[in-house]
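Here is the structure we will look at.
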Amino acid sequence: MTETALILPLCELPDDPHWLDRQPCPVIAYGGDMPGVEQADVIVADRAAAEALLARIQESPIAALTLVQVLRSTERLPVQLGLDMESLAYSTLQSGPEFGAWLSSREVHPLPATEGEAVLLSREGNRVEAVLNRPAMRNSITVEMRDALVQALELLETDTSIETMHVRGLGACFSVGGELMEFGSLPDPATAHWVRAVRSPARMLASNAAKLSFYVHGACLGSGIELPAFASHLVAHSKTYFQLPELKFGLIPGAGGTVSIARRIGRQRTAWLVLSGRRINARNALEWGLVDEISDEEV
């Protein structure tokens, strides 16, 4: 039987640069943080930290394996092809047993009533401000919110007089990510992949990154950080925290995070965020390069 994960001391990793590609499971190395060591999917401080990751991986081994395979591949691909790879993998997991088990155990409740546009747009000169306007839902990325973001980005692409677009969110936090009540709502995984290919904010954010800035605050979970990470300038409030919780759903980041976040902080730290499910704060995010600036005043 294939191992769920392989745990090795850093000093025992082979020199072969292609060794990791041949491993059929996540490779966890421990013993410090050695720059330039690429023959591991994630590096942690000690054996205890490695065992803690292993316990998480054993809860969703298919999703964990898929995650590291995608991260190994997307770091070598152009952004748009990386997004294709992520979407295909995400769609595969949507038809798998781990996501199915979470979906069947999920408590279903109706979404709250909403008022006004999901994304508020205003303009001053050559600058447009886009504001996520679902504070009662903690700005979760519903289908409505996704489509509103796509429309805002279509405006940015078609109106060449717009030089910058600034994105922020109303309420207690920027966004808690994908709306869980809508997970699994598309008819099949193939259609889900098609929708991500033709209605993806991630693709448009990547294409227009130079004109985009984000200001995030409070909770930034899942797509609530995957999408902002595409922007050329990302500012966080000092009390912001970031988390990628997808593994517990039997999934991987599916809003572009294996591309956007990995290009900011690297494949191994991205893998750690997903496999551990741990939060990091704004200061840690700044040190890693996940955000570009910390400010308690919106900029």
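What you see below is based on every heavy atom in this structure, not just the backbone, and it leaves out hydrogens, waters and symmetry mates. Predicted, not measured: the structure shown is a model, and the values here were computed from it.
The minimum heavy-atom distance between I265 and G289, with the atom names listed, is CG2-C, 4.1 Å. In terms of heavy atoms, I57 sits closest to A5 at CD1-CB, 4.1 Å. V176 and S140 make their closest contact through CG2-CB, 4.0 Å (heavy atoms, listed as atom of the first residue, atom of the second, distance). Nearest heavy-atom pair across A255 and L227 is O-CD2, 3.4 Å. Residues C173 and A219 come closest through the heavy atom pair CB-N, 3.2 Å. For D41 against A271, the heavy-atom pair with the smallest separation is O-CB, 3.4 Å.
Taking a 6.0 Å sphere around CZ of R56, one finds it holds more than 12 heavy atoms contributed by other residues, nucleotides or ligands. Remark: W19 CH2 is packed, more than 12 non-hydrogen atoms of other residues, nucleotides or ligands lying under 6.0 Å away. The local environment of CD in E117 is sparse, with at most 12 non-hydrogen atoms from other residues, nucleotides or ligands closer than 6.0 Å.
Grouping the Ile, Leu, Val, Met, Phe, Trp and Tyr side chains by contacts below 4.5 angstrom, directly or via other members, places L273 with F242. Linking ILVMFWY side-chain heavy atoms closer than 4.5 Å, directly or via other members, places W288 and I294 in a single hydrophobic cluster. In the hydrophobic cluster analysis, where Ile, Leu, Val, Met, Phe, Trp and Tyr join through side-chain heavy atoms closer than 4.5 angstrom, V235 is grouped apart from V131. Using a 4.5 Å cut-off between side-chain heavy atoms of Ile, Leu, Val, Met, Phe, Trp and Tyr, with links allowed through other members, L77 and I261 fall into the same hydrophobic cluster. If you chain together hydrophobic residues whose side chains sit under 4.5 Å apart, L88 and L65 never meet in one group.
Between the side chain of T74 and the backbone N or O of G82, no donor-acceptor pair lies under 3.5 Å. At least one donor-acceptor pair under 3.5 Å links the side chain of S60 to the backbone N or O of L247. Judged purely by atom type and a 3.5 angstrom limit, S232 uses its side chain to pair as donor or acceptor with the backbone of L212. A donor-acceptor pair under 3.5 Å links the side-chain atoms of T240 to the main chain of H237, judged by distance alone. With hydrogens and angles ignored, the 3.5 Å screen pairs no side-chain donor or acceptor of E246 with any backbone N or O of G254. Under the 3.5 Å distance criterion, the side-chain polar atoms of D188 are matched with a main-chain donor or acceptor of T191. Of the possible polar contacts, one joining the D292 side chain to the L234 backbone as a donor-acceptor pair under 3.5 Å is found. Side-chain N or O atoms of E226 include one that pairs as donor or acceptor with a backbone N or O of S223 at under 3.5 Å. Although no hydrogens or angles enter the test, the distance criterion places no donor-acceptor pair under 3.5 Å between the side chain of E75 and the main chain of R267. Using modelled atom types, no side-chain atom of H217 and backbone atom of D296 make a donor-acceptor pair closer than 3.5 Å.
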Task: Pair K211-I162, side chain to side chain contact (heavy atoms under 4.5 Å, CB included): steps then yes or no - done: CA-CA 8 Å; K211 293 184 175 183; I162 300 174; 5.7 Å; no

- [ ] Report the C-alpha separation of T142 and E179 in whole Å, then their side-chain angles, then the decisive distance to 0.1 Å, and conclude whether the side chain to side chain donor-acceptor pair (under 3.5 Å) test is met.
- [x] CA-CA 5 Å; T142 59; E179 175 50 59; over 6 Å; no

Open item on the list: What verdict does the side chain to side chain contact (heavy atoms under 4.5 Å, CB included) test give for L20 and E38, after you've listed the backbone C-alpha separation in whole Å, the side-chain angles of each residue and the deciding distance to 0.1 Å?
Closed with: CA-CA 8 Å; L20 183 63; E38 297 296 330; over 6 Å; no

Task: Intermediate values then yes/no, side chain to side chain contact (heavy atoms under 4.5 Å, CB included), R106 and M181 - done: CA-CA 9 Å; R106 175 187 60 176; M181 291 301 101; 3.6 Å; yes

TODO: Step by step, work out the side chain to side chain contact (heavy atoms under 4.5 Å, CB included) result for R134 and E144.
DONE: CA-CA 10 Å; R134 290 292 178 262; E144 177 196 34; 2.9 Å; yes

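Taking a cutoff of 4.0 Å between a charged side-chain nitrogen and a carboxylate oxygen, E297 and R168 do not qualify as a salt bridge. A salt bridge does not link E86 to R196: none of the charged side-chain nitrogens sits closer than 4.0 Å to a carboxylate oxygen. E51 and R47 are joined by a salt bridge, as a carboxylate oxygen and a charged side-chain nitrogen come within less than 4.0 angstrom of each other.
In this structure, CD1 on I43 lies 4.0 Å from CD on Q268, to the nearest 0.5 angstrom. Remark: L67 CG to I62 CD1 distance equals 13.5 Å, nearest 0.5 Å. Here OG of S104 is found 10.0 Å from CZ of F99. Values are rounded to the nearest 0.5 Å. Here the straight-line distance linking atom CG of L13 with atom CG of L8 works out to 5.5 Å at 0.5 Å rounding. Note that CD of Q151 is 10.0 Å distant from CE of M204, once rounded to the nearest 0.5 Å. With rounding to the nearest 0.5 angstrom, the CD atom of E293 is 4.0 Å from the NE2 atom of H233.
For S161 and R123, the side-chain atoms include at least one donor-acceptor pair closer than 3.5 Å.
Ring-plane geometry between F214 and F174 is classed as perpendicular, the angle between the planes exceeding 60 degrees on a 0 to 90 degree scale with a lower cut at 30. Using bins of under 30°, 30° to 60° and over 60° for the plane-to-plane angle, the ring pair H166/Y215 lands in the tilted bin.
Considering only heavy atoms from C-beta on, L251 comes within 4.5 Å of F183 through its side chain. With a 4.5 Å cut-off on side-chain heavy atoms, Q23 and Q39 do not count as touching. Side-chain contact check for V216 versus I225: every heavy-atom pair is 4.5 Å or farther apart. Inter-residue side-chain proximity for V143 and V195 is flagged as unmet; no heavy-atom pair is nearer than 4.5 Å. In this structure the side chain of L180 reaches within 4.5 angstrom of the side chain of F249, judged on heavy atoms. Between L53 and Y30 the shortest side-chain heavy-atom distance does not fall below 4.5 Å. Between P26 and V42 the shortest side-chain heavy-atom distance does not fall below 4.5 Å. Under the 4.5 Å side-chain criterion, counting only non-hydrogen atoms from C-beta, R263 is not in contact with F230.
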